[in-house]
Amino acid sequence: MDLDDIERKWQREWADNNVFEPEPDQRQSYLVSSAFPYTNGPPHMGHVRTYGTADVLARYKRMRGFNVLFPMGYHVTGTPVLAQSKRIKNKDQLLINDLKRFRISDEDIEKMEDPLYLASYFIEVFRKAFHDLGLSIDWRRQLVSIDPKFSKFIEWQFSILNANGLLIKGKHPVGWCPNENNAVGMHDTKGDTEPEIEEMLGIKFQAENRDYKIVCATYRPETLHGVTNIFVKYGAQYVICEVNGERLCLSSSAADKLAYQAGVKVISEIDSADLLNGRYINPKTGASIPALPGFFVDEAFGTGIVMSVPAHAPFDYTALLELGKKGSEAAANINPIKVIELEGPAKGKDIPSVAYIDVETATGNPNVDAIEEATKKQYKEELRSGVMLVGDYKGLKVKDARDRMWKDLIASKDAFAVYVIANNATCRCSFSVVVKIVDDQWFLNYGDEKWKVKAREALKNTRILPEKLRPTFEGALEWINLRAVARAQGLGTKFPLDNTKIIEPLSDSTIYISLYTIWHIISDVDSEKLTHEFFDYVYLGKGDAEAVSKATGIPYETVKRSKESFDYWYAFTSRHSGAELIFNHLTMYIFNHAIVFGSKYWPKQIAINGTVLSEGEKMSKSLGNTVDVKEAVSRHGADVTRFMVVCSADLFGDSEYNNDAANGIKERLEYIDSIAGNISLYEPSELKHIDYWLYSKLNGKVIAVTDAMEKLELRAASTSVLYDSVIELKRYFLRGGNNQVVIAEYISTLALLLGPLVPHFSEELWHKMKNETFVAKEKWPAANESMLSSKIETEEELVDRMIDDSKHVLELVRKKGKQPQEIKYIVASEYKYILNNELAKDKNAKRVIDMIKSGELENTYSLKFDIQKCIEFASSMAKHVNIVRTIETNPADQYDVINDAKGYIEKETGCRISTELEDVSKSSKASSSTPLKPGIEAI
RNA sequence: GCAGGGGUGGCAGAGUUUGGCCAAAUGCGACGGGCUUAGGACCCGUUUCCUUUGUGGAUGCGAGAGUUCAAAUCUCUCCCCCUGCACCA
């Protein structure tokens with residue numbers, strides 16, 4: 001079986017027969033789409049996961065009789081493509097080596113200095129990969145997000161957003177490079193780290209007898225009552241500067257950074273020694289406190305000045321101990337002020353921070369890591385369990401007190417917000433990222449209540465797969481507020497209200513899916529003709545086709561067909577992506593649909609898939625365990641790769657890419673294929689027990705797989721359809737199954753069930769079974785419920801259990817030196833079955849024993865019972881009454897089943913076997929027989 | 001911190017909605033055996049402990065407590081892990 005040949009063959013057949021190029025018809029439409037990929041590099045396994053999942057659904061729904069459209073587009077707007085080209089231009093060796101690893105020629109790499117070339121190069125790589133994976137895409141509708149027609153559409157969308165008053169202007173903190181003077185996102189930093197912006201509070205302390213205030217940056221204003229002193233960095237440069245008409249003191253480097261957040265004018269320099277000589281007034285308590293040198297103070301972080309709360313901050317306490325040891329009288333005189341009572345080890349302690357640090361070793365040569373650890377622990381516990389002991393918010397929880405204090409201090413102008421980069425993000429140009437307040441930023445106002453109401457409504461009517469993610473969606477919907485929508489740089493559509501800006505690239509891709517419905521229809525239309533009137537008509541039904549045609553110059557037929565196509569395809573959509581898009585794209589997808597379209601065209605279904613691991617590890621460049629899609633397909637084939645990545649985990653679970661898994665899949669496909677190839681070795685014959693068993697299994701499988709596919713529980717589906725099938729087929733043959741009709745039906749049905757999962761293989765298998773249609777267009781199999789039999793399946797389990805038990809018995813007998821040649825099975829008497837089923841009814845042994853004694857049992861079943869034996873048996877079963885279940889079979893059937901499986905049992909045990917009924921047996925094991933567990937005597 | 005999702009055997013991962021064939025599917029791994037010149041593949045067995053002419057017992061599903069005849073499954077408390085927290089695609 002050459003998987004490569006098979007795959008190429010069927011891809012050709014599908015294309016030649018336009019199998020995946022649907023047009024509106026009488027059937028129910030079903031539009032499956034995945035968030036289009038960002039093409040600044042080649043595809044990876046995560047792409048296979050998302051697009052493969054969408055393809056499985058598309059193929060399944062097609063077989064269920066829906067008219068399915070699966071389109072594809074590419075996203076290239078924004079800065080990543082530009083950043084990538086720039087890095088190539090700068091001969092960034094790291095990136096160039098990466099590209100070379102993908103066998104991209106030097107010539108092409110050089111051409112990639114042009115961002116458009118880079119984008120189109122990878123678009124082609126993606127297209128080829130998706131084709132080779134056999135995705136059932138309608139390639140006529142392929143679109144790119146920088147197409148002029150795409151831009152016309154986005155302009156139209158923004159005109160609607162603007163008309164609804166959702167575009168507003170305001171201030172906003174962003175990561176900023178002071179060297180390059182532009183906003184810095186993740187792909188602009190070394191190591192691709194997202195600059196983490198945190199808000200601190202800068203609290204002003206008036207310097208006694210001076211004309212300035214010092215500014216302490218803190219995360220914990222609620223501890224202000226516990227401040228005992230100020231810490232500055234000894235030897236660092238400080239400055240006095242004018243900020244909003246006020247003279248403030250902070251470190252020189254902090255002043256540089258703050259200049260990006262407020263007007264800062266440096267007046268004079270001041271030495272740290274000067275600061276240490278002063279005293280300062282706590283704005284809340286009015287206390288006069290000294291300044292001391294703190295070993296841990298970083299003059300470049302925050303304001304370079306720290307307020308000291310030794311009772312609640314391990315660093316502060318350690319620093320005081322340290323100074324005291326060195327003979328600082330001022331430090332030795334300071335008494336920590338406890339302002340919070342908390343649970344945990346510090347409960348009841350006068351100085352809570354002592355509970356978190358090792359006082360003996362903390363001083364001398366302070367272990368910064370250990371203090372860091374202690375700080376985290378104490379902060380956490382105080383936040384969780386702390387209660388304020390003093391101040392305005394006495395009795396309040398720390399969290400609430402903090403929030404209020406924060407607001408109070410800002411309101412009374414005793415403090416202001418200081419933004420810091422918490423994770424030391426560094427621009428690729430090697431300058432540290434700072435926080436800049438942009439004050440003419442355009443936002444899309446997702447906080448608008450009217451809009452949120454619509455979005456909630458839309459979400460409520462959307463099916464989320466898996467359903468357990470709904471709370472996450474609900475959270476995201478409430479949380480999303482202002483979103484900066486225009487950027488200074490990047491590819492994309494110009495922002496209509498400010499032509500110097502570009503629409504931010506997540507905002508230009510929220511409702512573009514609707515474009516797929518008309519893209520091939522408007523392919524010849526000049527983008528300039530795509531006016532608001534056109535989109536108003538096609539998407540909103542405003543006006544009429546004739547007028548629109550006249551106004552725009554677009555042919556009447558094109559206008560009309562566009563509208564019909566949209567109406568048809570957009571009535572049902574299923575959207576697919578990874579979980580990382582829930583908080584941005586998918587939420588915006590819901591919001592934008594809710595405001596732009598009528599509710600008929602709102603989202604219907606959103607499916608979220610998990611990620612792909614390699615040997616249990618996340619795939620990442622730094623680990624060097626990423627897998628190139630092209631390479632995976634050439635090594636394992638498209639079907640195996642898809643199956644492994646898409647179907648070996650449930651929708652939201654992580655799937656695993658590795659060679660063992662691939663081989664396991666391939667072997668099973670080959671096994672199924674070999675059965676199909678040998679079908680002529682079998683002949684039709686009368687149906688036997690094992691034939692009925694296989695039918696029962698097959699029909700049960702159809703039900704189970706259908707159920708799983710409806711919920712996109714692909715692991716469950718694939719386990720049943722591939723792994724279990726192989727086990728069932730092997731058992732069937734082992735048990736002497738050889739009926740050509742049964743085998744053929746089983747394999748043919750399997751071919752159909754495998755259609756969505758391993759499409760190429762299933763076509764091949766289907767045709768091997770003498771079918772001439774495409775599985776891709778075939779009808780999904782329906783279960784024949786009359787062929788389901790739990791009785792027959794139970795009986796087969798019985799046979800296996802008998803064999804297991806027999807082997808065990810044989811082993812024990814052989815240990816005793818005997819060499820048994822024969823096994824005698826004794827089928828339990830009918831009264832045991834009856835008692836079992838009586839007990840199964842209500843698990844009440846007493847009732848059953850009463851029935852026996854009273855004779856009610858005999859009456860009910862019109863049988864003569866041996867009362868003594870019945871009571872014995874019922875009592876023995878009473879011990880396990882909780883696991884007793886109803887048995888559908890009876891002694892006569894069991895007798896037949898054992899005889900039917902005679903050859904199989906003899907082969908497995910290596911012994912001759914015989915069967916007799918307990919009632920006539922003289923065997924010593926006769927009485928130990930129970931229903932489903934015949935007595936076994938090895939002779 | 002806030003929000004969401006989780007913690008099951010050597011590993012991965014079912015089972016939890018609807019408590020009871022659950023010592024717990026399935027796959028992988030490991031060990032022993034068969035087959036083979038050998039390896040691979042394949043087949044059989046073992047893989048918590050004890051017991052044994054079998055179908056028995058103990059312990060057990062993050063920790064602890066509770067409800068119940070019966071708990072991986074229900075309730076409460078705690079611990080731990082993962083993801084997101086924004087202008088970045």
Side-chain angles (χ1 to χ4, degrees), chain A residues 35 37-38 40 75 77-81 172-175 183-189 192 194-197 219 379-380 383-384 398-399 402 438 441 443-444 446 466 468-476 478-487 490 504-507 509 579-585 613 616 648-650 652-654 656 658 660-661 663-664 667 715-716 719-720 723-724 727 730 734 794 797 801-802 804-816 818 820 840 843-844 879-887 908 924-925 928-930 932-938:
Chain A
Y38 201 91
N40 64 336
H75 199 198
T77 44
T79 49
V81 165
H172 192 66
V174 296
V184 176
M186 189 165 73
H187 43 260
D188 304 312
T189 60
D192 283 342
E194 181 73 41
E196 214 173 283
I197 297 172
Y219 291 105
Y379 281 18
K380 190 176 165 185
L383 189 66
R384 189 169 62 82
V398 164
K399 182 188 179 325
R402 178 179 305 169
V438 179
Q441 177 66 55
F443 294 97
L444 201 38
Y446 287 103
K468 72 174 175 190
L469 286 180
R470 180 173 292 279
T472 307
F473 273 88
E474 287 167 346
E478 297 306 329
W479 157 90
I480 193 168
N481 189 13
L482 294 179
R483 182 171 183 99
V485 72
R487 297 204 58 179
E504 174 276 324
L506 274 175
S507 301
S509 51
E580 68 277 9
L581 295 189
I582 295 177
F583 275 82
N584 43 61
H585 167 71
L613 306 176
S648 63
D650 264 328
F652 190 55
D654 291 334
E656 168 79 16
N658 67 51
D660 282 347
N663 290 335
E667 278 157 20
R715 183 190 168 89
T719 301
S720 175
Y723 295 87
D724 292 351
I727 292 171
K730 285 187 177 175
L734 220 50
T794 307
E797 280 168 35
R801 218 170 318 157
M802 276 171 52
D804 280 351
D805 289 343
S806 302
K807 283 181 179 169
H808 199 166
V809 171
L810 286 171
E811 192 189 327
L812 292 167
V813 173
R814 286 190 185 119
K815 261 190 205 159
K816 300 212 159 174
K818 294 184 206 161
K843 321 248 179 215
N844 184 343
K879 266 195 288 181
H880 318 291
V881 73
N882 55 330
I883 58 162
V884 173
R885 61 179 171 137
T886 306
I887 293 167
E908 289 293 312
S924 60
K925 294 287 155 192
S928 65
S929 63
T930 67
L932 301 184
K933 289 268 184 188
I936 299 168
E937 185 180 12

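Protein chains get the first letters and strands the later ones, always in sequence-line order, with residue 1 at the start of each.
Partners of A:Phe443 according to the side chain to side chain contact (heavy atoms under 4.5 Å, CB included) rule, which considers only residues two or more places apart in sequence or in another chain, are A:Ile168, A:His172, A:Gln441, A:Leu482, A:Ala484. Contacts of A:Ser648 classified as side chain to side chain contact (heavy atoms under 4.5 Å, CB included), with partners at least two apart in sequence or in another chain: A:Ser655. Checked against ring pair (Phe, Tyr, Trp, His ring centres under 6.0 Å), A:Tyr38 has the following partners two or more places apart in sequence or in another chain: A:His75. Residues forming a side chain to side chain contact (heavy atoms under 4.5 Å, CB included) with A:Asn663 (at least two apart in sequence, or on another chain): A:Glu667. Judged as a salt bridge (charged side-chain N to carboxylate O under 4.0 Å, His left out), and not counting sequence neighbours, A:Asp724 has no contacts.
Contact detail for A:Arg402 and A:Tyr219: the closest heavy-atom pair is CD-O, 3.7 Å.
Here B:U53 presents its P atom at 15 Å from CD of A:Glu937, a figure rounded to the nearest Å. One interatomic measurement links the two molecules: CD of A:Glu504 to P of B:A89, which rounds to 6 Å at whole-angstrom precision. Between the C1' atom of B:A12 and the CZ atom of A:Arg715 lies a distance of 7 Å, rounded to the nearest Å. The distance between atom CG of A:Asn584 and atom C1' of B:U83, rounded to the nearest whole Å, is 13 Å. For the pair A:Tyr38 OH and B:A89 C1', the computed distance is 7 Å after rounding to whole Å. One can place CD1 of A:Ile582 at 11 Å from P of B:G5, the figure rounded to the nearest angstrom. What separates CD of A:Glu797 from C1' of B:A25 is a distance of 12 Å, to the nearest Å. Following rounding to the nearest Å, A:Asp654 (CG) and B:G7 (P) show an atom-to-atom distance of 13 Å.
The side chain of A:Arg470 contributes no N or O atom lying less than 4.0 Å from OP1 or OP2 of B:G5. Contact annotation: A:Arg483 does not reach the phosphate of B:C88 (side-chain N/O to OP1 or OP2, under 4.0 Å). For A:Thr79, no side-chain nitrogen or oxygen approaches OP1 or OP2 of B:C88 to under 4.0 Å.
Of the candidates B:A86, B:G6, B:C87, B:A86 carries the atom nearest the A:Ile480 side chain, counting heavy atoms from C-beta on. When distances run from any side-chain atom of A:Ile197 to the nucleotides B:A89, B:A86, B:C87, the shortest one goes to B:C87. Set against B:U53, B:A86, B:G27, the side chain of A:Tyr723 has B:G27 as its closest nucleotide. Distances were taken from every side-chain heavy atom of A:Thr472 (C-beta onward) to each of B:G5, B:C87, B:G4; the shortest belongs to B:G4.
Nearer the 5' end of RNA chain B, as judged by each residue's closest nucleotide, is the contact made by A:Gly475, out of A:Gly475 and A:Asn481. Position along RNA chain B of the nearest nucleotide to A:Thr719 versus A:Phe583 favours A:Thr719 as the more 5'-ward residue.
Base pairing of B:A30 is made with B:U46, judged by Watson-Crick or G-U wobble geometry with both donor-acceptor distances under 3.5 Å. The partner of B:G84 is B:C2, by the rule that a Watson-Crick or G-U pair needs both atom distances under 3.5 Å.
Taking the P atoms as reference points, B:C43 lies 23 Å from B:A24, given to the whole Å. Between the P atoms of B:G19 and B:A72, the separation comes to 14 Å (whole Å). Taking atom P on both nucleotides, B:G4 is separated from B:C42 by 46 Å, rounded to a whole Å. Distance noted for atom P between B:C61 and B:U73: 9 Å (whole Å). Separation of the C1' atoms belonging to B:G64 and B:A71 is 15 Å when rounded to the nearest angstrom. Nucleotides B:G10 and B:U16 are separated by 23 Å at their P atoms, to the nearest Å. Separating the C1' atom of B:A30 from that of B:A12 is a span of 15 Å, rounded to the nearest Å. The gap from the P atom of B:U46 to that of B:G27 amounts to 15 Å, rounded to the nearest Å.
Looking at heavy-atom distances under 4.0 Å, A:Pro934 makes contact with a base. Looking at heavy-atom distances under 4.0 Å, A:Leu581 makes no contact with the nucleic acid at all. Heavy atoms of A:His75 sit under 4.0 angstrom from primed sugar atoms or phosphate atoms, though from no base atom. As judged by a 4.0 angstrom heavy-atom cut-off over every strand, A:Gly490 is placed among residues making no nucleic acid contact.
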All N/O pairs under 3.5 Å across the protein-nucleotides 38-46 of chain B interface:
| residue | atom | partner | partner atom | Å |
| --- | --- | --- | --- | --- |
| B:C42 | OP1 | A:Glu667 | OE1 | 3.3 |
| B:C43 | OP1 | A:Lys730 | NZ | 2.9 |

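In this structure, A:Asp805 CG and A:Ile936 CD1 are separated by 4.5 Å, a value rounded to the nearest 0.5 Å.
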### Task
Verify side chain to side chain contact (heavy atoms under 4.5 Å, CB included) between A:Glu504 and A:Leu444, making sure each step is shown before the conclusion.
CA-CA 10 Å; A:Glu504 174 276 324; A:Leu444 201 38; over 6 Å; no
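Side-chain contact between A:Val809 and A:Ser806: absent, with no pair of heavy atoms (C-beta onward) separated by less than 4.5 Å.
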